[in-house]
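So the structure is just underneath, and the comments pick up after that.
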Amino acid sequence: MPAKQKALLLDKKFGEFVLGENDIPTPGPGDVLIKIKSTSLNPVDWKIQKYGIFVEEFPAVVGNDIAGDVEEVGEGVTEFKKGDKVFGQGLLTNERASFQQYTVISSSILARIPPNLSYDQVAALPVALTAAYLGLYNALPHGLGITPPLTEAAQKEYTGTPIVILGGATSVGQFAIQLAKVSGFSPIITTASLKHTDYLKSLGATNVLDRNLPSNELVSEVNKITSNKPIQFVYDSVSLPATQQAGLDVLAPGGRLVLVLPVGVKAPEDKTISRVVGVISLPQNTELLHTFYHDKISGWLEKGIIKPNKTEVLPEGLKGIIDGLKRMEADQVSGLKLVAHPQETA
């Protein structure tokens, strides 16, 4: 194996993404070296460049969604071998990020790619799926504190309980809808551009409301759907100030709102706001995610319980990511995930 690989590098803080080279990392104990076949783009990737957040050492490799083949295993890894098809979520370090041809990941958060799905399909999963899962099932103040649907009993615990998911067409929103269905919630009410209605209903949404409804009209429509049954759980996968306020308005006293961005509104004393931070290495996330990725997700994907996002493959391997991030920043991507093939980089 060569010592160097092609990588997309952020050259400096507030800098530019440039195609360059990086060392191929060596897997340590418990780690696996992955030959990346597909990686997907997330909003955080362009925000790191624009706002100078999360990364302090440059040139830096970013990207978190990993799908590919096991190339080498570290000491103590027995359940994976060279050639296994796997996927998982990386970290924002040059050894463990995804905008490069090879990366290292801990075997404890690695999942096998089921035979019915492609590299591209599973590459669209980790960051958005992690955020949806943590937001629903992590304990307060990191999530809504819902019981994870890991047993048959837990999957029936919320039968007949309504939930509102703001931004259902976002990648996170799509997974939140599907997970809410696994947990038995009903009705599952979401907001989106109405062109996505049929698709979101196919994922499990029972009602799709126009994302542009004023807050008072949203509350009125939700009350009609639930026959005024109180809303105890709202997942805001958009988390702009307007949607945060709408989430609070929809919530009943004692209800819980979870956000994917920093809190920008003041909650009344009788309502709780949590914020999900989807970093797999944070102590509050580790056990929950290890169980999910290691034990559950491959089976759920194979059975169609969780369906991946629609994808669009970018041209020119890693180089295509540059234009893809610009499109995302300009809000020109809706209802799908952009995917790149690092091995196709010229």
Side-chain angles (χ1 to χ4, degrees), residues 27 30-40 42 63-74 76-91 96 98 102-138 146-155 171-172 174-184 202-204 278-281 285-311 337 339 341:
D31 287 336
V32 175
L33 178 68
I34 306 297
K35 183 178 184 179
I36 302 177
K37 294 298 189 73
S38 298
T39 181
S40 72
N42 291 286
N64 286 100
D65 287 333
I66 298 162
D69 298 335
V70 173
E71 186 69 24
E72 184 182 339
V73 299
V77 177
T78 57
E79 58 187 310
F80 296 103
K81 63 183 187 305
K82 183 178 171 64
D84 285 348
K85 296 181 177 181
V86 293
F87 71 99
Q89 182 174 340
L91 294 170
R96 295 177 184 265
S98 68
Y102 294 86
T103 197
V104 165
I105 187 171
S106 170
S107 63
S108 66
I109 49 168
L110 204 53
R112 296 183 184 276
I113 301 176
N116 56 319
L117 296 182
S118 66
Y119 294 112
D120 290 347
Q121 288 174 303
V122 295
L125 292 169
V127 166
L129 183 58
T130 290
Y133 195 82
L134 291 174
L136 290 169
Y137 305 118
N138 220 347
I146 295 164
T147 304
L150 303 178
T151 64
E152 286 189 19
Q155 291 172 9
S171 296
V172 174
Q174 290 178 44
F175 291 126
I177 289 169
Q178 295 180 73
L179 290 167
K181 182 181 178 183
V182 177
S183 285
S202 77
L203 297 180
V279 179
I280 54 176
S281 58
N285 298 340
T286 303
E287 184 178 350
L288 199 63
L289 292 178
H290 284 196
T291 302
F292 182 53
Y293 278 102
H294 190 267
D295 300 338
K296 285 294 179 182
I297 188 56
S298 292
W300 284 2
L301 289 166
E302 189 165 1
K303 293 174 184 174
I305 294 170
I306 298 294
K307 301 177 180 69
N309 300 113
K310 298 173 182 176
T311 60
K337 290 277 280 187
V339 171
H341 297 164

More than 12 heavy atoms from other groups under 6.0 Å of NZ on Lys307: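 Count over threshold, so yes.
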For [X], side chain to side chain contact (heavy atoms under 4.5 Å, CB included) partners two or more places apart:
X	answer
Ile305	Val182, Trp300, Lys303
Glu72	Pro27, Leu33
His294	Glu79
Lys310	Tyr199, Leu336

Side chains of [X] and [Y]: closer than 4.5 Å at any heavy-atom pair?
X	Y	result
Ser183	Leu136	no
Thr286	Ile109	no
Thr130	Tyr293	yes
Leu125	Leu301	yes
Leu150	Lys296	yes

Working to the nearest 0.5 angstrom, can you tell me the gap between [X] [atom1] and [Y] [atom2]?
X	Y	atom1	atom2	answer
Ile36	Thr103	CD1	OG1	5.0 Å
Tyr137	Leu179	OH	CG	4.5 Å
Ile297	Phe292	CD1	CZ	3.5 Å
Asn138	Asn285	CG	CG	5.5 Å

Heavy atoms only: give me the nearest [X]-[Y] pair and the separation to one decimal.
X	Y	result
Leu117	Pro308	CD2-CG, 4.0 Å
Ser38	Val339	CB-CG1, 3.9 Å
Phe175	Ala124	CE1-O, 4.2 Å

Atom pairs and distances, donor-acceptor, side-chain atoms in residues 63-70, under 3.5 Å, two or more places apart:
| unit_1 | atom_1 | unit_2 | atom_2 | d |
| --- | --- | --- | --- | --- |
| Asn64 | ND2 | Gly90 | O | 2.9 |
| Asp65 | OD1 | Val127 | N | 2.8 |
| Asp65 | OD2 | Ser40 | OG | 2.5 |
| Asp65 | OD2 | Asn42 | ND2 | 2.9 |
| Asp69 | OD1 | Tyr119 | OH | 2.5 |
| Asp69 | OD2 | Lys37 | NZ | 3.2 |
| Asp69 | OD2 | Tyr119 | OH | 3.3 |

Give the intermediate values and the outcome of side-chain contact (heavy atoms from CB on, under 4.5 Å) for residues Val86 and Ile105. CA-CA 11 Å; Val86 293; Ile105 187 171; over 6 Å; no
Sequence neighbours left out, what pairs pass side chain to side chain donor-acceptor pair (under 3.5 Å) with at least one residue falling in residues 106-118?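 The answer is Asp84-Arg112, Ser106-Ser108, Ser108-His290, Ser118-Gln121.
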Between the main-chain N or O of Leu288 and the side-chain N or O of Tyr133, is there a donor-acceptor pair closer than 3.5 Å?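 No, Tyr133 side chain to Leu288 backbone: no donor-acceptor pair under 3.5 Å.
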Would the distance check show the side chain of Gln178 and the main-chain N or O of Leu203 forming a donor-acceptor pair, the cut-off being under 3.5 Å?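 Side chain of Gln178 to backbone of Leu203: no pair is present.
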